[in-house]
**Student:** 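My questions will all concern the structure given below.
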Amino acid sequence: MRVVLDTNTVISAVFWGGCPGRILEQAKTDAISICTSQALLDELLDVLSRQKFLARLSIIASTPSKVLADYAAWA
């Protein structure tokens, strides 16, 4: 199955898990395929770089670029 995730879903998956997190877990095991575009990746990087996410990124010991790279690898 192929899915396209919007930026809010990706951020929820990365930071809080839950149902969106399960979608990423399925992508990591190749149970589903995530499809994306350069526009969606650019938007994700822009949103992750916002001040309000800095503390959350520090909790997961990551950076906007690292999260984007990981997500792009799954897509």
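Values below: every heavy atom of this structure, side chains too, minus hydrogens, waters and symmetry copies.
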**Student:** I'd like to know if the side chain of Ser58 and the backbone of Leu54 have a donor-acceptor N/O pair within less than 3.5 Å.
**Tutor:**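 No, Ser58 side chain to Leu54 backbone: no donor-acceptor pair under 3.5 Å.
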**Student:** Indicate the atoms forming the closest heavy-atom contact of Thr9 with Pro20, along with that distance.
**Tutor:**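 That would be O-CB, 3.5 Å.
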**Student:** Can you name the closest pair of heavy atoms from Pro64 and Leu48 and give their distance?
**Tutor:** CG-O, 3.6 Å
**Student:** Checking Gln51 now: which residues fulfil side chain to side chain donor-acceptor pair (under 3.5 Å) with it, not counting sequence neighbours?
**Tutor:** none
**Student:** For Gln26, which residues count as a side chain to side chain donor-acceptor pair (under 3.5 Å) partner, sequence neighbours excluded?
**Tutor:** none
**Student:** Could you name each residue pair satisfying salt bridge (Lys or Arg N to Asp or Glu O under 4.0 Å) that touches residues 2-15, not counting sequence neighbours?
**Tutor:** none
**Student:** Does any pair with a residue in residues 50-63 pass salt bridge (Lys or Arg N to Asp or Glu O under 4.0 Å), and if so which ones, sequence neighbours excluded?
**Tutor:**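 Sorted result for residues 50-63: Asp46-Arg50.
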**Student:** Filter on side chain to side chain donor-acceptor pair (under 3.5 Å), then keep only pairs touching residues 15-25, sequence neighbours left out; what's left?
**Tutor:**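 Listed by first then second residue: Glu25-Lys28.
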**Student:** Using every non-hydrogen atom in the two residues, find where Ser65 and Leu45 come nearest and quote the distance to one decimal.
**Tutor:**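 Answer, listing the atom of Ser65 first, then Leu45: N-CD1, 4.1 Å.
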**Student:** Would you indicate whether the side-chain heavy atoms of Tyr71 and Ile11 approach each other to under 4.5 Å?
**Tutor:**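 Not in contact.
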**Student:** Does the side chain of Thr63 come within less than 4.5 Å of Leu68's, by heavy atoms?
**Tutor:** no
**Student:** Taking side chain as C-beta onward, heavy atoms only, is Leu40 less than 4.5 Å from Val4?
**Tutor:** yes
**Student:** Which distance, rounded to the nearest 0.5 Å, do you find between the OG of Ser62 and the CZ of Phe15?
**Tutor:** 8.0 Å
**Student:** Using 0.5 Å steps for rounding, measure from the OG1 atom of Thr36 to the CG atom of Leu5.
**Tutor:**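 Those atoms lie 8.0 Å apart.
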**Student:** So which pairs with a foot in residues 57-75 pass salt bridge (Lys or Arg N to Asp or Glu O under 4.0 Å), sequence neighbours left out?
**Tutor:** Lys66-Asp70
